[in-house]
Structure formats: C-alpha cells, structure tokens
Amino acid sequence: MTEIKLHNTKTRKKEVFTPIDAENVRMYLCGPTVYDRAHLGNARPVVVFDVLNRLLRYKYGPDNVTYVRNFTDVDDKINATAMARKEAGAAGTLEDLVRERSDETIAWYLEDMAALGTDEPDHMPRATEYIAQMVTMIEDLIAKGHAYAAEGHVLFAVESYKEYGALSGRSVDDMIAGARVEVAPYKKNPMDFVLWKPSTDELPGWDSPWGRGRPGWHIECSAMADELLGASFDIHGGGNDLQFPHHENEIAQSCCANPDAGFANFWLHNEMLQVEGKKMSKSLGNFFTVRDLLDQGIAGEVIRFVFLSTHYRKPMDWTEEKAREAKAELERWRAFAGSIEEPMGGPHAEVVSALTDDLNTHGAITVLRKLYKSGDAHVFRKSAELLGLLLPGETAEWFEGQAEPETSDLVEYAIALRTEAKLQKDFATADKMRDLLISAGVVVKDSKESTTWEPGPDFDPSKLEGLK
RNA sequence: GGCGAGUUGGCGGAGUGGUGACGCAGCGGAUUGCAAAUCCGUGUACACGAGUUCGAUUCUCGUACUCGCCUCCA
C-alpha cells in the first residue's frame, strides 16, 4: 500500500510518514475541557483523527497503533458549576461536585462522539489523575534551569528554550511586540507561562513543593503524553487554535524535560469550523452542540459525512443545505450497500490512496461515488467503512429506523386505498390519496412491483386521521 | 502591528504546467395514467496585475479581498 503523507505543521510541508516503531504507532490528540456539552467545533478534530486512526490501523495493523486523547478536568468553569451546585444545596464536598460535573460531561462527550461513528481512543487520561507526573516534570524543569518558582507560581522561562516559537513561526520578540499577555510582576519575561499556580482554600488543589495549588493548562498534555506514549512519539494533533500557545508550550516543556527525545515528530492541525459562513459564537446565535443537532434529528453519520466532505486543513462551513445533501446521499448509499451482513474483501485502492494523501477525505468520497455508480457493493462498503461511514450498529439506526417507521398503519392504509384506486383506473381518487400523503410529509416511491414510502422532513401522519 | 491560510461554475468542493473532477440545483431524456422517487445525459468557473515558460488555473512576485491565530477556545 502507498506510503502515508501528512502535512506537518512543524515543517509546513507534506511529508512521508514513517513511524518510529511500525509495531506501535503512537498518536496524541488534545481532548476537551469537560465543563459542558461538546459544541460542533469540538467534534471536528475527533472525526478527523478518527479517520487517521482507522487509516493507521489499516496500514500498520489494528493492534499496532496507540491512540491517546485526554480529558482536561482542571478548569475554572467546572469549578464554577460545582460551586453553584453546592450553593444550591447539592450534597457532597466541592471536590465531589467537581468530580461529578467532570464525570457527567465526559459521559455526554463519549455518547456524542460515538454518535458520530468515532472509535474511542486506547487511552483517555484525565488531568487530575496525572498530577504527580506533572509535579515531577515541573521539578525536573526547575532543576534543569527552564523554570522558576515565584510567589507560589512556577513559570516556564521561555528565554531558556531557543526554539520557542518554532511551531507557530514567531519569535519571542515578535510575540512581545503585539502581545496581549497578562502582566504579572513575578514574570521574568512577559511570555513566560504558568506551570503551576496557587489555589485558594475553597477551590480544588493539590499539595506540591510550591504549596497547595493546581497545574497550568499546558503541562498536563506534556506529562500525560510522556507517561502513555514516551518522550518521543509519532503524531500530535488538535485544532489550529491550539498551535499557539498550547502546543508551543507543550513542546517547550517536553523538549526541555527530554532534550534528546524530540517529542512529537508530526504535528497535525485541523482548521476551524464555521456555521453558515460565520464563526460559531454565542453572540451571533449560531452556537450549538452536537447534541442539539442529534436532537433535531440530524443523524451523527450525516454530521460525519459533512465534516469529511471538506479537507481538514480548510475552514469547514456547516450549513443546513450540506446536511440535507449529505443525508440524501447517505440514504442512497445505505440502500445500496448498508444491508450487507459481512462485506467481503478490502477497501478500494483509490480510496486508500486518497486518504494516504494527507487525509484527502473529499477525494475518497469522490471515489466512493464512482464505486456507487459502477462498482461492487462489497468493495464500496469496505471503502466507506475505512472513512467510518456505513458502519453497522448505532450509526446505522437513523436509516434502519426510517425503513420501518412505527407509525405506519395510516400511511399503509392510504397507500392501499391509492393502489386499489389505480387498479380501478380511478386516477382522481388515486391522486387525491397521493396528495394527502404528500401533505402528511410522506415520500411515496412507486416501482413496477409495489409502492414503498418513507417519512420526509415534514412527516406528520396525524394529517391522515380523516381516513379512519 | 506580528504569524498563517485562502480566493475555482448558481451553490458546495477536489485537483492539475498542456483536452477544467465530483455532488447539489438547473436543463433534456428514460420510466409513470400523470407525478414523485430512481436511472441516463448535459451547460457555464480557476480574484486581479506582472513575470518564468513553447504553454499557467496550476510556479514566482505584487495588488485587492476574505478568514483564522496572537486572550479561554477544537
């Protein structure tokens, strides 16, 4: 199979991907801060890296890939929710309530991401379970002269790391010039960032050599990646908004702690999601969660298809029209190949080669369209599955559910009346029945042998009540 | 101000130094009692200017515009 090429943010080039160890390909993706339901933008990297995960497993073997995605469960917003609940009279300590909030958010997240047809990573570490490793790494950074304690904080000294800024293409001087960084008197350089900060008595905190406190945002990923994947690994990913400062800071921490290791070889960043051409934001009123869409009846698989129809390094515009088109196409595809119990063979070589070219998911979809028209349903299905589409199980339910709707009696009755009228050549009655069905949002499909139907967007069988 | 990405037909969206994919919509046809659904076919585009080249949408430079990041953010 063709070699995999990926765009490496570190070099700004498409490079041939060669794993450090082909029997253990290691990938780390920055996961969510678990303060609330995941919004639609949160889902994009999850889907993108799910495709990469599938591709890597296809090429290197299902057991030869280790995929890690963390949960950030140290956060002010989580604390705020916990405090509000405590004030409202919830039982338990604040720490219990913090944990409870994280737990429920994680459960939602996993449900929502599963609905999109994404596989769970091999490891899903929580920051709060790696505090000891973070403290150790911070101590090491201090010992090596890359960090310093000041007023209960520990700060990373950016001037101690010459490569600082390499990933995002900026120098420390450039950054200071236009910087909007917090001015803190204990910082030696305004760009120095927090590794550890003090916690108040009320808020969650952990004992450390610098007093009771909590970790800064970036150290968790360095510590967890090191623990689970080692000092050197293959791929590190996330949204491109994380490129600076989060990933830049991770590199500084990890490369200074392990100077000869190099940290991640490949950095992959997905572009941001937009909604109807605009950035998703609460103030524009176009902010919504994955769950909001699922509750509106937009299938997870449809969301996934829309995501995959745009290359991951381009801004992806979510529109209702795209969702509509995706649904129509997936319906045809599932009708064609969705019911095969055990698809045989493997994915088509052209689909594989599209994906090996820096995850050209749109190119892969184009090949699928060709296979749909002229190809073999088995190869088509296997190819779609490599993209995480047409999978059996949960992501198939939306389609299978509409094939056998519960409220079919009235519709079946109306169709029977129409069929009878057609046999009698009573087309006035037949057309009346058809109009009635259409007005109830039923899509009527005639073929030589029989008439089938499915619910349309405005399906409302109660409009057929008059037939009783 | 600094860094980066982008500008392809009515819409979405790939790709390429030399006949400009694909999907949706439109149009034509098959099918139908007529339709719908389905299937087949089909037109129009590479922001602007200059350069390199036998030849550029594709490479280089410039201009305009759009977007993202630089602050929590996927």
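The structure presented is a predicted model; accordingly, all values stated were derived computationally and were not measured. Residue numbers start from 1 in every chain, and the chains themselves are labelled A, B, ... in the order their sequence lines are given, proteins ahead of strands.
Interface remark: the A/His39 side chain does form a donor-acceptor pair with the B/A74 base, using a distance-only criterion of under 3.5 Å. A/Arg434 contributes a side-chain N or O that forms a donor-acceptor pair with the base of B/C34 under 3.5 Å. At a cut-off of 3.5 angstrom, counting only N and O atoms as typed in the model, there is a donor on one side and an acceptor on the other between the side-chain of A/Asp431 and the base of B/G33.
Checking B/A74, B/C24, B/G33 against every side-chain atom of A/Glu325, the shortest atom distance belongs to B/C24. For A/Met272, whose side chain is taken as the heavy atoms from C-beta onward, the closest listed nucleotide among B/G12, B/A74, B/G41 is B/A74. When each of B/G23, B/A74, B/A14 is scored by its nearest atom to the side-chain atoms of A/Pro45, the top-ranked nucleotide is B/A74. In this structure, the nucleotide among B/A74, B/C67, B/G13 sitting nearest to the side chain of A/Thr310 is B/G13. Looking at the side chain of A/Thr366, the nearest of the listed nucleotides B/A14, B/A21, B/G33 is B/A21. When the nucleotides B/C34, B/A74, B/G12 are ranked by their closest atom to the side chain of A/Lys322, B/G12 comes out on top.
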Anything under 3.5 Å between a protein N or O and an N or O of nucleotides 36-38 of chain B, put it in a table, one pair a line.
from: B/A36; atom 1: N1; to: A/Asp446; atom 2: N; distance (Å): 3.1
from: B/A36; atom 1: N1; to: A/Asp446; atom 2: O; distance (Å): 3.2
from: B/A36; atom 1: N3; to: A/Val444; atom 2: O; distance (Å): 3.0

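Using a 3.5 Å distance cut-off with no hydrogens or angles, the side chains of A/Trp398 and A/Glu301 do pair a donor with an acceptor. Looking at A/Asp431 and A/Thr429, their side chains never bring a donor and an acceptor atom within 3.5 Å of each other. No hydrogens or angles considered: nothing links the side chains of A/Ser168 and A/Gln243 as a donor-acceptor pair under 3.5 Å.
Contact between the side-chain N/O atoms of A/Lys314 and the OP1/OP2 oxygens of B/G12 is not found at any separation under 4.0 Å.
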task = Show your working on salt bridge (charged side-chain N to carboxylate O under 4.0 Å, His left out) between A/Arg54 and A/Glu385 and close with a plain yes or no.
result = CA-CA 9 Å; A/Arg54 287 172 195 276; A/Glu385 287 186 354; over 6 Å; no

ask   = Is there a side-chain hydrogen bond (donor to acceptor under 3.5 Å, both in side chains) between A/Thr66 and A/Asp122 once you walk through the steps?
value = CA-CA 6 Å; A/Thr66 306; A/Asp122 301 287; 5.2 Å; no

task = Step by step, work out the side-chain hydrogen bond (donor to acceptor under 3.5 Å, both in side chains) result for A/Asp75 and A/Thr33.
result = CA-CA 7 Å; A/Asp75 174 70; A/Thr33 302; 5.2 Å; no

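Here A/Gln243 lies out of heavy-atom contact (under 4.0 Å) with every strand. Across all strands, A/Thr319 comes closer than 4.0 Å to no nucleic acid atom at all (heavy-atom distances). If you check every strand for non-hydrogen atoms under 4.0 Å, A/Phe244 touches sugar and phosphate atoms only. Residue A/Gly169 is classed as a sugar-phosphate contact, given heavy-atom separations below 4.0 Å to backbone atoms only.
Rounded to whole angstrom, the span from the OH atom of A/Tyr28 across to the C1' atom of B/A74 amounts to 13 Å. Per the geometry, CG belonging to A/Asn270 stands 20 Å off P belonging to B/C67, to the nearest Å. In this structure, CG of A/Asn240 is placed 12 Å from C1' of B/C3, rounded to the nearest angstrom. Atom CD in A/Gln274 sits about 17 Å away from atom P in B/C11, given to the nearest Å. At whole-Å resolution of the value, CZ in A/Phe49 and P in B/A74 are 14 Å apart. Atoms CG (A/Leu355) and C1' (B/A14) sit 14 Å apart, rounded to a whole Å. Atom-to-atom, CD of A/Glu320 to P of B/C11 comes out at 19 Å; the value is rounded to the nearest Å. Here the C1' atom of nucleotide B/G13 and the NE2 atom of A/His362 are 4 Å apart, to the nearest Å.
Taking the six-membered ring where the residue is Trp, A/Trp333 and A/Tyr372 present tilted rings, their angle falling between 30° and 60°. The aromatic rings of A/His246 and A/His218 are tilted relative to each other, their planes meeting at an angle between 30° and 60°. Using the six-membered ring where Trp is involved, A/Phe156 and A/Tyr161 have ring planes that are perpendicular, over 60° apart on the 30 and 60° scheme. Using cut-offs of 30° and 60° for the angle between ring planes, the A/His236 and A/Trp267 rings count as parallel.
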query = Which dot-bracket string fits RNA chain B when only Watson-Crick or G-U wobble pairs with both atom distances under 3.5 Å count, crossing pairs get [ ], and | stands for a partner on a different strand?
reply = (((((((..(((.....[...))).(((((.......)))))....(((((..]....))))))))))))....

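Taking atom P in both B/G62 and B/G4, one finds a spacing of 13 Å when rounded to whole Å. Between B/U32 and B/A36, the two C1' atoms lie 10 Å apart (nearest whole Å). Atom C1' of B/U8 sits at a distance of 16 Å from the matching atom of B/C65, rounded to the whole Å. Going from the P atom of B/G20 to that of B/U58 covers 15 Å, rounded to whole Å. One C1' atom belongs to B/C46, the other to B/C40, and the distance between them is 29 Å to the nearest Å. Taking atom P in both B/G12 and B/G18, one finds a spacing of 27 Å when rounded to whole Å. If you take atom P in B/A14 and the same atom in B/A21, they sit 16 Å apart, rounded to whole Å. With both ends at atom P, the span from B/A25 to B/C59 equals 33 Å, rounded to whole Å.
Taking each heavy atom of A/Leu29 and A/Pro45 in turn, the nearest pair found is CD2-O, 4.0 Å.
Aromatic rings of A/His362 and A/His311 (six-membered ring for Trp) have centroids beyond the 6.0 Å cut-off, not under it. Ring centroids of A/Phe287 and A/His39 are separated by less than 6.0 Å, placing the two rings close together.
If you find the closest nucleotide of RNA chain B to A/Arg12 and to A/Leu242, the one lying nearer the 5' end belongs to A/Arg12. Nearer the 5' end of RNA chain B, as judged by each residue's closest nucleotide, is the contact made by A/Ile365, out of A/Gly41 and A/Ile365.
Contacts with RNA chain B (heavy atom under 4.0 Å) in residues 159-166 of chain A: none are found.
Here the CG-OG distance, from A/Asp357 to A/Ser353, works out to 8.0 Å after rounding to the nearest 0.5 Å.
Each of A/Lys13, A/Arg313, A/Lys14 was evaluated against A/Asp358; a single residue qualifies, A/Arg313, per the salt bridge (Lys or Arg N to Asp or Glu O under 4.0 Å) test.
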